[in-house]
There are 2 protein chains.
Amino acid sequence: MASRKDVAREAGVSAASVSYYINNNGYVSAEARKRIQEAIEKLNYSPNQIARSLKIKDSKQFVFLCNEIRNPFYAQLVYRATNAAYEKGYFILFSNVIDDDEYLKRICSYQISGLFASNNKIKKENLEAIVKQGIPVVVLRDVAWSDLDQRIMQIKIDYSNIFHEIAVHLEKGGYRNVHYISGAKSGKPDEVDEKTRNYRNAVGRERSGDITYNITDTKEAFQFVADTYSKEDCPDAFVCSNDAVAIGVVKGVTQLGLRIPEDVGVVGFDNTFQSRFCVPGLTSAEISAEKIGDIAISMLIEKSKGQKVEDYQIVPKLIIRESSSRNDL
Amino acid sequence: MASRKDVAREAGVSAASVSYYINNNGYVSAEARKRIQEAIEKLNYSPNQIARSLKIKDSKQFVFLCNEIRNPFYAQLVYRATNAAYEKGYFILFSNVIDDDEYLKRICSYQISGLFASNNKIKKENLEAIVKQGIPVVVLRDVAWSDLDQRIMQIKIDYSNIFHEIAVHLEKGGYRNVHYISGAKSGKPDEVDEKTRNYRNAVGRERSGDITYNITDTKEAFQFVADTYSKEDCPDAFVCSNDAVAIGVVKGVTQLGLRIPEDVGVVGFDNTFQSRFCVPGLTSAEISAEKIGDIAISMLIEKSKGQKVEDYQIVPKLIIRESSSRNDL
DNA sequence: ATGAAAGCGCTAACAC
DNA sequence: GTGTTAGCGCTTTCAT
């Protein structure tokens, strides 16, 4: 591989001039520009990003710590973020969440430009340790942390209205016995995520018993329904914390011999591809993963330029499909 | 951040000794080890990976170029690869495929340790340019390239039997009019992927007309079925090149007012989570994404150690579920 | 067994 | 405008 030195020699200029040319700072005459340009092409030169990173203490890589890439919501998020980052000159260093100190130290030793994390599997202290090093951090807020370090930027989802909207929608459909399936570990105050907290608020205290905790994927949801209910005692509607879970419920309920939406209504969350192409189509609260991917990247970039960055709010939107529309039949 | 120099000073040894200690080469006395260990802990030191990369010309990052992370098959693959890589001391630099020269140059300038690519969106020449630089390359083979550079390692899927197996299975179910939905751009020789080629071989020449090309995701598949067929003239079985496409077909067929599997049988490919939890459960040819993730990482690592690495063969396995099982009813 | 020193490829302050 | 140079944090050869 040709280095900057080779280019300088070939073009008959100094190494510094090549740097100036590449980074478009400093002064370099039209004459020199041309010769450098030619030398670069001739040698098929490409600047060594590692050497550059070492010098400027920034690798132009953003770390994405995602709960679960196998959940299409995160896949869509990462997909978009990757493209958005590339357009701005960055790459994505991808990681499943492995929440130990060793891991975070290792990844930070790449002099990363910033970090995105969905926050329900990573500890607050670890995030704070990173932001303290001056690395921009954005979290997709899920669990509500108290007194989080102010330097951590947040993308917040405003759940204040959506569960009420869902409740009204189900009621109109004549569903009376609604069960919520939560991804939170338990009902304990410090383990409850924002969705669950808002669901509880929306349905009121008296309905808090109608919640099952700690179900996060399709398989678990299917098992839960299959193991817990029979055709006779199944709730007539389920609200699920993500689409993957909802799909599991659809499958489980169908297996019990019940029909959707005639016997049981199902509502998902995230409006991923899955919900659109589930059979029957799944009613789902849309949170745009693409939007979050884009926003996360621009927040990280702005922050790394030293700009002041405000937290970002997203309001979910209910997309109604067949799985909860008994009235249309 | 503390540097190696700080540690050396704190421990009262030379910088070189710290290096020896960290990399576990060279000699360092028990005495010195202890003092270095203490200094590292006291200063919370972590070696700078970028500086190390520059020196050893290897960043311990593998690039994963995936067709489409939003397809759960690739999501599962990347998920597993990420963990496997981490255990061996590597990270994953993730990219959607952006197949231009500029892009590849930029990513290689990170002195990457290796590259994985699924090969149906990236050009052969580009891969060959990379392997020529001495960077280990593994492809998940899909399109059959002729005279590919020998240094490119391949994970091959042996489709020689699976389509025959599927054909027999459908015939047993009484399905007579089978249509294949291909991901290949067209039927042209240099654009046909391995799956399609083998499907053609399995069903014989006379059935080659029963193929639709250039459909790769759920949405396209749904549109295709909805736009092309009516309840009366729909084929009675579809074989699809991946599960995402199969889901779209299920949805499209259902919308035509036909039932699965009674009226129409559907077979997918890849056996992702989607097929397991589709309603009805989707018959699918299993190719273990997890296995491929693991294998890819170990091939890259072995190659980077200078070992001789053989291509890897995977044989798909038909997983039969409800979507093609008319006889069970 | 340990340390001094050169050098990986780049940036940027400074001198001309 | 352009070149010289120091130095980013690390590895490793060679001398001791």
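Quick note on labels: first sequence line is chain A, next is B, and so on, each numbered from 1.
Taking for each of Glu31(B) and Ala15(A) the nucleotide of DNA chain C with the nearest heavy atom, the 5'-most of the two is the partner of Glu31(B). Place Ile56(A) and Ala30(B) on DNA chain C by their nearest nucleotides, and Ala30(B) ends up nearer the 5' end. When the nearest nucleotides of DNA chain D are assigned to Ala2(B) and Val28(A) by heavy-atom distance, the more 5′-ward of the two goes with Val28(A).
Residue Ser29(A) has a polar side-chain atom (N or O) positioned under 4.0 Å from OP1 or OP2 of dT2(D). Between Lys57(B) and dG9(C) there is a side-chain N or O to OP1 or OP2 distance below 4.0 Å. Contact annotation: Ser53(B) does not reach the phosphate of dC10(D) (side-chain N/O to OP1 or OP2, under 4.0 Å). At dG9(C), none of the side-chain N or O atoms of Tyr110(B) fall inside 4.0 Å of OP1 or OP2 (strictly under the cut-off). For dG3(D), one of the phosphate oxygens OP1 or OP2 lies less than 4.0 angstrom from a side-chain nitrogen or oxygen of Ser14(A).
Taking Asp217(A) as the reference, nothing meets the salt bridge (charged side-chain N to carboxylate O under 4.0 Å, His left out) condition, with sequence neighbours excluded.
Between the side chains of Gln76(A) and Arg70(B), no donor N or O sits under 3.5 Å from an acceptor N or O. A donor-acceptor pair shorter than 3.5 Å can be found between the side chains of Asp58(B) and Ser113(B). Judged by distance alone, the side chains of Gln49(A) and Gln111(B) never bring a donor and an acceptor atom under 3.5 Å apart. Side-chain contact annotation: Tyr110(B) with Gln61(A), donor-acceptor N/O pair under 3.5 Å absent.
Distance CG (Asn25(A)) to P (dA13(C)): 9 Å, rounded to an integer number of Å. Residue Asp58(B) contributes atom CG, which lies 17 Å from atom P of dC8(C) at whole-angstrom precision. Rounded to whole angstrom, the span from the NZ atom of Lys60(B) across to the P atom of dG9(D) amounts to 22 Å. Here dG7(C) presents its P atom at 18 Å from NZ of Lys55(A), a figure rounded to the nearest Å. Taking atom CD1 on Ile22(B) and atom C1' on dG9(D), their separation rounds to 12 Å, with Å as the unit. The CZ atom of Arg9(A) sits 16 Å away from the C1' atom of dC10(C) (whole-angstrom rounding). Look at OH on Tyr20(A): it is 16 Å from C1' on dG9(C), rounded to the nearest Å. Rounded to an integer number of Å, the gap from Arg52(A) CZ to dG7(D) P is 21 Å.
Nearest to the side-chain atoms of Ala16(B) among the listed nucleotides dA12(C), dG3(C), dC10(D) stands dG3(C). Out of dC10(C), dC8(D), dG3(D), the shortest distance to the side chain of Leu54(A) is found at dC8(D). Proximity note for Val13(B) (side chain, C-beta onward) versus dA1(C), dC10(C), dG3(C): the nearest is dG3(C). Taking every side-chain heavy atom of Ala51(B) into account, dC10(D) is the closest of dC10(D), dG3(D), dG3(C).
The residue Tyr21(B) sits apart from the nucleic acid: no heavy atom pair falls under 4.0 Å. Contacts of Ser17(A) with the nucleic acid, taken as non-hydrogen atoms under 4.0 Å apart, involve only primed sugar atoms and P, OP1 or OP2.
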ask   = After noting the C-alpha distance and the side-chain angles of Tyr86(B) and Tyr103(A), does the key distance pass the ring-ring contact (aromatic ring centres under 6.0 Å, His included) rule?
value = CA-CA 9 Å; Tyr86(B) 178 68; Tyr103(A) 176 78; 4.9 Å; yes
